[in-house]
Structures are given as structure tokens and as C-alpha cells.
Amino acid sequence: MFSRIARPTFCIANRSLTTSSQNNAKVAVLGASGGIGQPLSLLLKNSPLVGELSLFDIAHTPGVAADLSHIETRAHVTGYMGPDQLNAALKGCDVVVIPAGVPRKPGMTRDDLFNTNATIVATLADAVARNCPEAMICIIANPVNSTIPITSEVMKKYGVYNPNRVFGVTTLDIVRANAFVAELKGLDPARVNVPVIGGHAGKTIIPLISQATPKVEFPADQLSALTARIQDAGTEVVKAKAGAGSATLSMAYAGARFTFSVLDAMNGKEGVVECAYVRSEETECKYFSTPLLLGKHGIEKNLGLGKLSAFEENLVADAIGELKGSIKKGEDFVANMK
């Protein structure tokens with residue numbers, strides 16, 4: 001049902017590509033010097049959809065910007081560093097991508113990151129609300145299940161909240177599901193699409209294998225193991241890096257893919273569908289990830305859960321309680337901010 005209608009292609013920019021005003025978006029990356037921010041910024045610099053790339057972080061951003069500015073693509077890159085330059089980094093931005101925050105280390109859950117990353121995201125959302133309130137906001141910073149409610153509540157305080165423009169980027173879960181299914185079935189991963197709904201942590205990550213295209217089937221034990229691997233794939237990377245970081249390269253790819261889809265839709269491309277964690281009425285949770293039809297102004301239509309298998313219905317039921325708790329935690333954080 002939710003076939004990938006538009007899948008971004010990463011390629012070295014073709015010098016003959018059009019430079020029309022449509023393909024001239026100003027994109028900010030907040031946290032641009034980090035493990036996700038640097039490769040994400042590189043992918044964005046390579047895109048003909050980006051006219052101006054505004055990079056912000058608390059350190060090293062001028063160096064990252066200088067490095068990227070030597071690449072032979074037309075996006076103009078500017079680096080901003082420190083709280084005093086945050087407002088300037090955001091002026092006139094069409095899209096703001098936020099990978100800022102501390103990464104997971106072995107033994108840490110996404111919830112362990114909450115106190116540090118909640119403060120960072122709230123501070124950055126405050127600046128977005130003041131400087132580019134109509135921008136599309138793409139939150140990568142974990143725990144996404146809480147940082148999206150935080151962003152929404154901060155935007156509400158300024159009276160500029162638009163639920164159609166605030167996205168929790170869960171694309172890495174889809175990318176992983178596509179890769180793992182393709183590996184098991186011997187398929188071309190570029191042609192596999194597995195919708196992933198729910199949230200972006202542990203059991204709240206719900207891959208809809210029954211809705212995959214092309215259609216695939218697995219025995220019950222293999223389906224259970226595959227689902228568990230998709231849900232715990234972040235920990236797989238954290239362990240493999242042995243304390244040296246979390247998923248950065250795959251997350252940068254996924255973040256770029258989502259950003260390109262948002263830009264494509266803003267430019268008028270039709271049929272752009274991506275899953276994301278957003279304000280939702282599809283379940284009893286205030287926020288929930290489902291496939292979304294994107295348009296010029298953000299979410300054009302929430303495509304909902306679709307028809308679930310009994311196995312998937314149980315996964316949704318198991319996720320609801322944890323999601324509600326994470327959402328409340330984010331909302332309470334903003335309510336108690338001084």
C-alpha cells in the first residue's frame with residue numbers, strides 16, 4: 001500500500017543541473033560538527049536542492065564549513081559557532097535539521113540521553129520559533145519520542161506551532177528494515193520498502209513487514225527475530241563501535257534522505273511519501289509515526305497504519321504505554337522549564 005513513491009538519489013552534483021529558484025532552499029544543520037552532523041552536511045552540500053547551507057554548533061563549525069565550501073557544488077556554506085551566533089544561523093531558513101545532542105554509549109538507552117538532549121533541543125527549538133517559525137523542522141536528536149513533544153510545546157509557547165511542519169526523523173528505522181529484508185531475501189535493497197510505524201526506540205519501533213513492497217513472507221520465528229533486530233539495530237551499532245559512538249553514517253544518510261523528500265515536496269513534486277514521528281490522531285497516542293504524504297506546506301495527508309497483521313497489532317498494543325510515557329516526559333519537561 002505504501003510503496004516508496006519517491007526515493008532520494010545521492011550522487012555527485014551534475015554541473016548542468018538547473019539552478020531555478022525552486023531548488024534554492026536554505027537549510028540549517030544544528031549540531032553540524034558532530035558525528036551525524038558532518039556527514040549529513042556533506043550529503044546536503046552535494047544536493048542541487050540546497051542553495052544555502054547554514055551550519056551551527058558549539059565548536060569547530062567554521063572549520064567544517066570551510067572544508068565543505070571547497071566542494072564543487074553550488075550550495076553556499078556558512079559556519080556559525082556558539083550561542084551568540086545561533087540566531088544568525090537560523091535567519092531565513094526553509095528547513096532546519098537538528099542532529100545536535102550527545103550520542104549513546106554502550107549500556108545507555110535513548111532515555112538515558114533525556115536530560116542533556118532535552119535541554120539542547122528545547123534551546124534550539126526556542127531559537128527556531130523566534131527566527132524561522134515557518135521552517136520545516138526535522139528532529140534527529142534522541143530520544144525522538146520525547147524531543148518531538150518538547151519541540152512542539154516550545155513552538156506553542158510562541159504561538160507558532162504548526163503540527164504539519166514538525167517531524168521526528170525515524171527514517172533510519174525504514175532504511176535498516178529495507179536493508180535487512182533485502183539481505184534475507186536476496187533482493188535489491190533499493191527496491192525494497194518496509195513502512196515502520198510507532199516511535200523511534202526499542203519496542204516502539206514497529207516494522208510493517210506485511211505491507212512491504214515487494215511482498216515478502218517469513219516464518220513466525222524468523223519474523224520475530226527480524227523485528228527484534230530492526231528494533232535493536234541502534235544498540236547493535238553502539239556495541240560494534242565499542243564505546244566510540246553510535247549510528248552516525250547510516251543516520252546521516254537517513255537524515256539526508258528525509259530532508260531531500262521534504263525539499264522535493266516543497267518544490268511541488270507529487271507523491272512523496274515518508275514515515276515520520278508527528279502529531280497524530282491515528283492512535284490514542286498524541287504522537288505516532290506513520291507514512292505521510294508530503295506537500296509544499298509539510299504534511300499533506302497522514303496515510304495511517306493501513307491493514308495490520310495480528311502480529312503487528314500486538315506490537316502496536318505493546319508500544320502504546322511506553323510512547324505515552326515518553327510523550328508526557330517531554331511535555332512535562334517544557335512545562336517545568338524556568
Side-chain angles (χ1 to χ4, degrees), residues 1-5 7 104 109-111 142-145 168-240 246-247 249-251 253-254 257-258 261 273-278 280 282-285 287-293 302-326:
M1 181 178 177
F2 304 123
S3 61
R4 182 179 293 114
I5 300 172
R7 184 166 187 171
R104 274 206 296 164
T109 65
R110 287 180 175 84
D111 239 25
N142 274 317
V144 166
N145 292 354
V169 180
T170 62
T171 314
L172 182 52
D173 299 325
I174 292 91
V175 166
R176 286 166 166 162
N178 294 344
F180 298 166
V181 167
E183 182 182 5
L184 287 170
K185 292 296 187 181
L187 299 169
D188 176 359
R191 297 185 178 278
V192 176
N193 181 38
V194 181
V196 181
I197 65 170
H200 186 56
K203 69 180 183 180
T204 70
I205 298 169
I206 304 164
L208 302 184
I209 307 297
S210 72
Q211 295 181 25
T213 51
K215 186 170 178 59
V216 293
E217 292 184 358
F218 296 95
D221 58 341
Q222 195 175 18
L223 177 61
S224 182
L226 172 60
T227 299
R229 188 186 177 199
I230 294 166
Q231 291 176 332
D232 209 31
T235 302
E236 184 178 313
V237 176
V238 170
K239 287 179 178 177
S246 56
L249 300 174
S250 54
M251 185 63 249
Y253 168 89
R257 171 182 145 170
F258 185 80
S261 288
V273 175
E274 290 281 2
C275 296
Y277 182 69
V278 298
S280 174
E282 299 299 318
T283 70
E284 57 191 272
C285 292
Y287 299 86
F288 204 84
S289 179
T290 46
L292 309 168
L293 178 63
N302 192 319
L303 300 178
L305 283 68
K307 185 178 180 181
L308 305 181
S309 68
F311 176 73
E312 292 158 356
E313 286 178 351
N314 287 334
L315 293 176
V316 171
D318 287 344
I320 294 295
E322 183 173 321
L323 269 176
K324 283 183 174 179
S326 297

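The residues of the chain are indexed from 1 along the displayed sequence. Bear in mind that the values here come from a model prediction, so they are computed numbers and not experimental data.
- Nearest heavy-atom pair across Leu292 and Ala276 is CD1-CB, 3.8 Å.
- With contacts defined as side-chain heavy-atom distances shorter than 4.5 Å, the pair Leu172/Phe258 does not qualify.
- Between Ile197 and Val316 the shortest side-chain heavy-atom distance falls below 4.5 Å.
- Listed here is the closest heavy atom pair of Tyr277 and Gly199: CD1-CA, 4.1 Å.
- Asn193 is listed as a side-chain neighbour of Ile174, based on a closest heavy-atom distance under 4.5 Å.
- For the pair Leu303 and Thr290, the minimum side-chain heavy-atom distance is 4.5 Å or more.
- The two residues Lys324 and Cys285 have their closest heavy-atom pair at CG-SG, 3.9 Å.
- Ala319 pairs by the side chain to side chain contact (heavy atoms under 4.5 Å, CB included) definition with Thr204, Ile206, not counting sequence neighbours.
- In this structure the side chain of Leu187 reaches within 4.5 angstrom of the side chain of Val216, judged on heavy atoms.
- For the atom pair Glu313 CD and Lys307 NZ, the distance stands at 9.5 Å (nearest 0.5 Å).
- A search for side chain to side chain donor-acceptor pair (under 3.5 Å) contacts involving Tyr287 returns Ser152, not counting sequence neighbours.
- In terms of heavy atoms, Phe218 sits closest to Leu223 at CB-N, 4.0 Å.
- Counting heavy atoms from C-beta on, the side chains of Phe311 and Ile209 never come closer than 4.5 Å.
- The side-chain heavy atoms of Leu226 and Val181, taken from C-beta on, include a pair separated by under 4.5 Å.
- Closest non-hydrogen pair, Asn145 versus His200, comes out as OD1-N, 2.8 Å.
- Taking each heavy atom of Gly168 and Val144 in turn, the nearest pair found is CA-CG1, 3.8 Å.
- With sequence neighbours left out, the side chain to side chain donor-acceptor pair (under 3.5 Å) criterion links Lys185 to no other residue.
- In this structure, the side chain of Ser326 engages the main chain of Glu322 through a donor-acceptor pair within 3.5 Å.
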Go through Thr283 and Leu305 one step at a time and tell me if the side chain to side chain contact (heavy atoms under 4.5 Å, CB included) criterion holds.
-> CA-CA 9 Å; Thr283 70; Leu305 283 68; 4.1 Å; yes
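- Every residue meeting the salt bridge (charged side-chain N to carboxylate O under 4.0 Å, His left out) condition with Glu183, not counting sequence neighbours, appears here in chain and number order: Arg229.
- With contacts defined as side-chain heavy-atom distances shorter than 4.5 Å, the pair Arg176/Val237 qualifies.
- Just one of Thr171, Asp173, Asn178 meets the side chain to side chain contact (heavy atoms under 4.5 Å, CB included) condition when paired with Val175; it is Thr171.
- Side-chain N/O atoms of Ser261 and Glu274 include a donor and acceptor closer than 3.5 Å.
- For the atom pair Thr227 OG1 and Phe180 CZ, the distance stands at 11.5 Å (nearest 0.5 Å).
- By the side chain to side chain donor-acceptor pair (under 3.5 Å) test, Ser309 pairs with Glu312, sequence neighbours left out.
- Listed by first and then second residue, the salt bridge (charged side-chain N to carboxylate O under 4.0 Å, His left out) pairs involving residues 194-223 amount to none (not counting sequence neighbours).
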